Every structure is written in structure tokens, then in C-alpha cells.
Asks: 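Can you read through this structure? Questions will come right after.
In this text, all values refer to a predicted model and were calculated from it rather than measured experimentally.
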Amino acid sequence: MGSETPGSVTKGPPITVTCECGERKELFYGERCTCPRCGRAYDTRNIPADEYAAIRSLQRRFRAVPIGLGAVVAALAIVFTLTGNIVGVFFILPVAIIAWFVFIRPTHRERYRKAMSDLPRWDLHADGQAR
């Protein structure tokens, strides 16, 4: 969460591949790359699909909390606006923002990090020989 690679929502979280020569590249699941320095080839399809699916599922589940909270706050703001209680909108928005950044977000991030640390890590090996 935070600064994410474009496409990580639809394609899943990127996989960082570090070549034996030190070159790093982020790939999506199913992509293949060849190291520009040494010519070793790496294929992310060697990662078990069910284990990667567990990571995608966890990512989606943790994205639902901020989206849900935002939807509730937006719905309350719309209700307050439609009932003519504009003061309620100016109260609910700052309170929701402060509650998110001070209380909810730190806890949410810590739980996300803990859940991610419990998931498997893989050691991809080069398919071809180095040049």
C-alpha cells in the first residue's frame, strides 16, 4: 500500500526479481524477463499460482477497508447535504480524516504488514545460462 506500481490493482502486486548480478526488476505474475546485464532469464510463472492468489486475495481484502470507510463518509456527507445540514458535512469530513490518519490507518498498515510477512517468499532461479 502507498506508492504502488501502475496496474497493481488489476494485475496483482508486482514481483521484485533480483538477478544474481544485482539487477532488479518488478514484474507482474506470468511475465518473463531477461536481465539486460548478464542475459539470465526469469519466469514468474514458476511461482505457484495458488500461493500468488493468496497474496492477491489479501491485497484486495485490505484495500476494502479504506474504500468502505470512504464510501460511508461520502454517504453521510450526501445525506447531510440533502437534509440541509451543511454544518454536519463540515464536521464529519475533518473528523473522518483525523480518525483515519491518527487511529485507523496506522493499525491497518500494521495488520497488513503482519499478514504479508506470514505469506510465502520465493527464490526464482534463472532459466537460461548467463552469457
Asks: Distance from I104 atom CD1 to R109 atom CZ, nearest 0.5 Å?
Replies: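 The distance works out to 13.5 Å.
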Asks: Measure the shortest side-chain to side-chain distance between K25 and Y42 over non-hydrogen atoms and say whether it is less than 4.5 angstrom.
Replies: no
Asks: How long is the gap from CZ on R40 to OG1 on T34, to the nearest 0.5 Å?
Replies: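 Going from the CZ atom of R40 to the OG1 atom of T34 covers 12.0 Å.
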Asks: Does one hydrophobic cluster hold both V72 and F80, with members joined at side-chain heavy-atom distances below 4.5 Å?
Replies: yes
Asks: Which pair of heavy atoms, one from W100 and one from P66, lies closest together, and at what distance?
Replies: CH2-CB, 3.7 Å
Asks: So does G30 get a backbone contact from the side chain of T44, meaning a donor-acceptor N/O pair under 3.5 Å?
Replies: yes
Asks: So do L93 and V89 actually touch side chain to side chain, heavy atoms under 4.5 Å?
Replies: yes
Asks: Membership question, hydrophobic clusters at under 4.5 Å side-chain separation (ILVMFWY): are V17 and W122 in the same one?
Replies: yes
Asks: With a 4.5 Å heavy-atom cut-off, do Y52 and P13 have their side chains touching?
Replies: yes
Asks: Of the non-hydrogen atoms in D43 and E31, which two are nearest, and what is the gap between them?
Replies: OD1-O, 3.6 Å
Asks: Using atom types as modelled and distance alone, determine if a side-chain donor or acceptor of S57 lies under 3.5 Å from a backbone N or O of A53.
Replies: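 No: the side chain of S57 does not pair with the backbone of A53.
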Asks: Indicate the atoms forming the closest heavy-atom contact of R37 with C21, along with that distance.
Replies: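 Scanning both residues, the minimum pair turns out to be NH1-O, 3.1 Å.
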Asks: Do the side chains of C38 and E20 get nearer than 4.5 Å, heavy atoms only?
Replies: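 Contact flag for E20/C38 side chains = no.
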Asks: Once you round to the nearest 0.5 Å, how far does NZ of K114 lie from CG of L119?
Replies: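 Those atoms lie 10.5 Å apart.
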Asks: Taking a hydrophobic cluster as the set of Ile, Leu, Val, Met, Phe, Trp and Tyr residues connected by side-chain heavy atoms closer than 4.5 Å, whether directly or through intermediates, do L27 and Y29 fall within one such cluster?
Replies: yes
Asks: Quick check for you: to the nearest 0.5 Å, what is the distance between Y112 atom OH and L58 atom CG?
Replies: 6.0 Å
Asks: To the nearest 0.5 angstrom, please state how far the CG atom of L76 sits from the OG1 atom of T81.
Replies: 10.5 Å
Asks: Roughly how far apart are I15 CD1 and I47 CD1, rounded to 0.5 Å?
Replies: 3.5 Å
Asks: Using a 4.5 Å cut-off on heavy atoms from C-beta on, say whether the side chain of M116 contacts that of I55.
Replies: yes
